[in-house]
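The figures here come from the full heavy-atom set of this structure, side chains too, leaving out hydrogens, waters and symmetry mates.
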Protein chains: 2
Amino acid sequence: MYTIGKLSKNTGVTVRTLDYYDEIGLIKPSSKTEGGHRLYSEDDVMRLERVLALKYMGFSLEQIKDILENSTSTWQESIQQQLELVKREQERLQVLEQALLGISYSIEIEGEINWKIIFSIIQLYQQDPEDALQQYKDYLNDDEMKKIMDMNVQNMSEEDIRNWMKVIHDIKNNLNINPASEKAQQLVESWLNQAEKMYGNDEKLLGDMWQALQNLKEGIAFYPMNKDVIQFIESVFIAKEEFKK
Amino acid sequence: MYTIGKLSKNTGVTVRTLDYYDEIGLIKPSSKTEGGHRLYSEDDVMRLERVLALKYMGFSLEQIKDILENSTSTWQESIQQQLELVKREQERLQVLEQALLGISYSIEIEGEINWKIIFSIIQLYQQDPEDALQQYKDYLNDDEMKKIMDMNVQNMSEEDIRNWMKVIHDIKNNLNINPASEKAQQLVESWLNQAEKMYGNDEKLLGDMWQALQNLKEGIAFYPMNKDVIQFIESVFIAKEEFKK
DNA sequence: TATTGAACAACACGTAACGTGCTGATTTAT
DNA sequence: ATAAATCAGCACGTTACGTGTTGTTCAATA
């Protein structure tokens with residue numbers, strides 16, 4: 001028989017917590033002294049350990065009460081449910097991490113907080129990938145859509161995202177230089193390299209995506225590219241072709 | 001100028017929430033009607049949107065107040081902190097998922113809830129991997145320790161964990177059969193296959209681990225193996241050697 | 001056996017971010 | 001002007017306890 005203080009020391013659970021478990025009927029001491037002090041039996045200790053185990057697994061005290069009162073039957077179900085929950089939360093955190101990274105890079109590169117960009121990123125991540133791609137459906141076929149979805153931003157490395165943002169930022173800072181200049185050619189080459197690295201070297205896919213981008217209104221799905229950047233790249237390509245002739 | 005109801009409809013935020021934000025001074029309407037009804041300006045709407053963005057990023061309302069009041073300087077810091085938090089939470093969930101999977105399999109395979117096993121799993125996951133391996137340090141060298149840590153349970157597939165538990169469970173159910181029998185040889189062969197699949201085919205490493213396991217008191221680091229299982233496997237190996245001669 | 005210090009029970013209030021009512025006042029539509 | 005809709009302001013509820021208080025009981029010592 002343990003007093004509440006001993007039990008607390010043995011298990012590392014605070015007295016207040018045991019107090020609370022008693023109060024809500026989760027763990028009631030199996031006997032008391034004449035004066036009313038609580039005495040916990042070995043069985044009570046076992047029950048406490050089970051409660052702690054279930055708590056570690058992420059169940060609420062309410063759920064723990066249910067699980068411990070009902071028998072084995074619901075166990076698998078409870079654990080599967082908990083697994084589902086954990087997986088959903090993991091997905092949410094994945095998305096959140098990417099969003100935070102994007103915002104961090106945007107501040108780092110642009111040197112200031114651009115709320116428009118932050119909203120774009122959040123919107124981008126809040127809608128599910130299916131929806132985000134809907135705007136491209138006139139230009140891409142089903143296979144291509146699928147391919148893009150498979151390699152969406154979730155699968156890009158931090159390094160890739162950072163480079164992608166950097167190269168586009170560089171272009172934005174040089175929109176008015178001569179498209180035929182050495183510098184312009186270099187910028188577009190960097191962009192092309194990164195694009196191929198991230199979206200594979202499927203020529204047709206890149207071409208179709210390009211078509212789509214040119215016809216879009218200010219889309220955010222390929223943040224942080226915008227019309228200006230697209231036009232600049234286009235003009236550099238044209239200048240290059242001219243030069244060849 | 002929006003009344004609280006219009007603002008609520010436009011942004012999807014409940015009136016009670018705006019009520020609360022007013023109460024804690026996070027978003028105060030910039031004017032009021034004669035009768036005291038709140039009127040929100042465009043600026044107020046912008047502020048609300050920023051609050052929502054920051055909330056999406058996982059900041060508390062207290063932190064949001066700080067961030068919005070202090071200027072740009074702390075932004076990067078806040079976001080980095082948030083990223084840290086998100087990453088730690090992801091790790092926690094990873095560990096939890098593995099623990100839940102282990103428990104799920106143990107119930108599935110043993111057909112009942114084995115609290116000892118559940119406690120073992122939780123203990124195993126609660127201590128960090130470094131500590132868990134300390135008990136092997138007399139038998140393994142640094143390189144080997146490192147190798148095991150790199151491929152610890154986190155990197156095993158669900159399939160692997162499931163098979164590993166199944167094969168050991170099979171052995172536990174047949175501890176007293178003749179080590180020289182066909183059945184025994186089969187069991188140990190399955191075990192060996194799975195062990196090699198999971199721990200690579202580094203002969204020396206497997207040998208050293210085996211040494212360690214034999215000398216350990218009931219360890220839990222290679223749950224659910226125990227002394228009995230180890231002895232059985234050993235005896236089958238010996239029987240095999242005998243047979244060869 | 002009396003005393004004293006430690007442990008205890010029971011209660012109250014606080015936490016974060018609102019949800020869910022409630023009453024009485026104000027606005028809007030008719 | 002009157003009805004209907006909206007609003008402000010308040011209070012209590014939620015989760016899993018932490019922190020602090022007061023009065024009581026236990027255990028060890030004199």
Side-chain angles (χ1 to χ4, degrees), chain A residues 1-41 44-45 47-68 82 85 89 92 96, chain B residues 1-41 44 47-68 81-82 85 89 92 96:
Chain A
M1 286 298 189
Y2 305 86
T3 64
I4 201 168
K6 309 284 177 194
L7 183 57
S8 169
K9 257 176 205 152
N10 283 345
T11 59
V13 177
T14 67
V15 173
R16 176 62 178 109
T17 298
L18 293 169
D19 233 22
Y20 182 64
Y21 291 169
D22 184 9
E23 190 184 326
I24 63 171
L26 185 56
I27 299 170
K28 291 220 167 276
S30 42
S31 61
K32 294 196 172 187
T33 66
E34 283 184 19
H37 285 194
R38 287 168 282 209
L39 293 175
Y40 292 88
S41 70
D44 295 335
V45 177
R47 188 171 167 94
L48 173 58
E49 270 164 8
R50 291 176 183 189
V51 167
L52 295 181
L54 289 165
K55 219 171 61 126
Y56 175 80
M57 295 182 218
F59 292 100
S60 73
L61 298 186
E62 193 64 32
Q63 289 174 309
I64 294 176
K65 246 165 92 175
D66 281 3
I67 294 174
L68 288 181
Q82 198 60 24
L85 244 165
E89 183 65 6
R92 199 185 69 85
L96 183 54
Chain B
M1 287 298 192
Y2 304 87
T3 64
I4 201 167
K6 309 285 178 194
L7 182 57
S8 169
K9 257 174 205 153
N10 283 345
T11 58
V13 177
T14 67
V15 172
R16 176 65 178 108
T17 298
L18 293 169
D19 232 23
Y20 182 63
Y21 291 169
D22 185 9
E23 190 184 326
I24 63 171
L26 185 56
I27 299 170
K28 291 220 167 275
S30 43
S31 61
K32 293 196 171 187
T33 66
E34 282 183 19
H37 284 195
R38 287 167 282 210
L39 293 174
Y40 292 87
S41 70
D44 295 336
R47 187 171 168 95
L48 173 58
E49 268 164 11
R50 291 176 183 189
V51 167
L52 296 180
L54 289 165
K55 220 172 59 130
Y56 175 80
M57 295 182 218
F59 292 101
S60 73
L61 298 187
E62 194 65 33
Q63 290 173 308
I64 293 177
K65 246 166 91 175
D66 282 3
I67 294 174
L68 288 182
Q81 272 180 25
Q82 199 58 26
L85 243 165
E89 182 64 8
R92 200 185 67 86
L96 183 54

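- For the atom pair CZ of Arg47(B) and CG of Leu26(B), the computed distance is 6.0 Å after rounding to the nearest 0.5 Å.
- Listed for the Lys6(B) side chain is no donor-acceptor partner under 3.5 Å among the backbone atoms of Tyr40(B).
- Rounded to a whole Å, the CG atom of Asp19(A) is 14 Å from the P atom of dT19(D).
- Counting to the nearest Å, the C1' atom of dC17(D) and the CD1 atom of Ile24(A) are 10 Å from each other.
- In this entry the distance linking CG of Leu26(A) with P of dA16(D) reads 10 Å, nearest Å.
- A salt bridge does not link Glu62(B) with Lys65(B): every distance from a Lys NZ or Arg NE/NH1/NH2 to an Asp or Glu carboxylate oxygen is 4.0 Å or more.
- For the pair Leu61(B) CG and dC18(C) C1', the interatomic distance rounds to 9 Å; values are reported in whole Å.
- Spacing between atom OH of Tyr21(B) and atom C1' of dA16(C) amounts to 11 Å, rounded to whole angstrom units.
- Under 4.0 angstrom from either OP1 or OP2 of dT27(C) there lies no side-chain N or O belonging to Lys32(B).
- A residue-by-residue look at Phe59(B) and Glu34(B) shows that Phe59(B) has its nearest nucleotide of DNA chain C further toward the 5' end.
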Exercise for review: Go through the steps to decide whether Tyr2(A) and Leu39(A) satisfy the test side-chain contact (heavy atoms from CB on, under 4.5 Å), and finish with yes or no.
Suggested key: CA-CA 5 Å; Tyr2(A) 305 86; Leu39(A) 293 175; over 6 Å; no
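- Atom CD of Glu62(B) is separated from atom P of dA16(C) by 7 Å (rounded to the nearest Å).
- Proximity note for His37(B) (side chain, C-beta onward) versus dC26(D), dT6(D), dA16(D): the nearest is dT6(D).
- Applying the side chain to side chain contact (heavy atoms under 4.5 Å, CB included) test between Ile64(B) and each of Ile67(B), Leu68(B), Asp66(B) identifies Leu68(B) as the sole match.
- At least one side-chain heavy atom of Asp19(B) sits under 4.5 Å from a side-chain heavy atom of Arg38(B).
- Pairs of residues two or more places apart, or lying in two chains, that qualify as side-chain hydrogen bond (donor to acceptor under 3.5 Å, both in side chains) and include a residue from residues 23-32 of chain B are Asp22(B)-Lys28(B), Ser30(B)-Ser41(B), Ser30(B)-Asp44(B).
- Using a 4.0 Å cut-off on heavy atoms, the residues of residues 1-18 of chain B that approach DNA chain C are Thr14(B), Arg16(B), Thr17(B), listed by number.
- Taking atom CD of Glu23(B) as the reference point, atom C1' of dC18(C) lies 10 Å away to the nearest angstrom.
- Contact check, Thr33(B) against dT26(C): no side-chain N or O comes under 4.0 Å of OP1 or OP2.
- Between Arg38(A) atom CZ and dT24(D) atom P the separation is 17 Å, expressed in whole Å.
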Review point. Where do Leu52(B) and Leu48(B) land on the side-chain contact (heavy atoms from CB on, under 4.5 Å) test, with the steps shown first?
Key: CA-CA 6 Å; Leu52(B) 296 180; Leu48(B) 173 58; 4.1 Å; yes
Under 3.5 Å, which N/O atoms of the protein pair with N/O atoms of nucleotides 3-5 of chain C?
none

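- For the pair Ser8(B) (side chain) and Ile4(B) (backbone), a donor-acceptor distance under 3.5 Å is absent.
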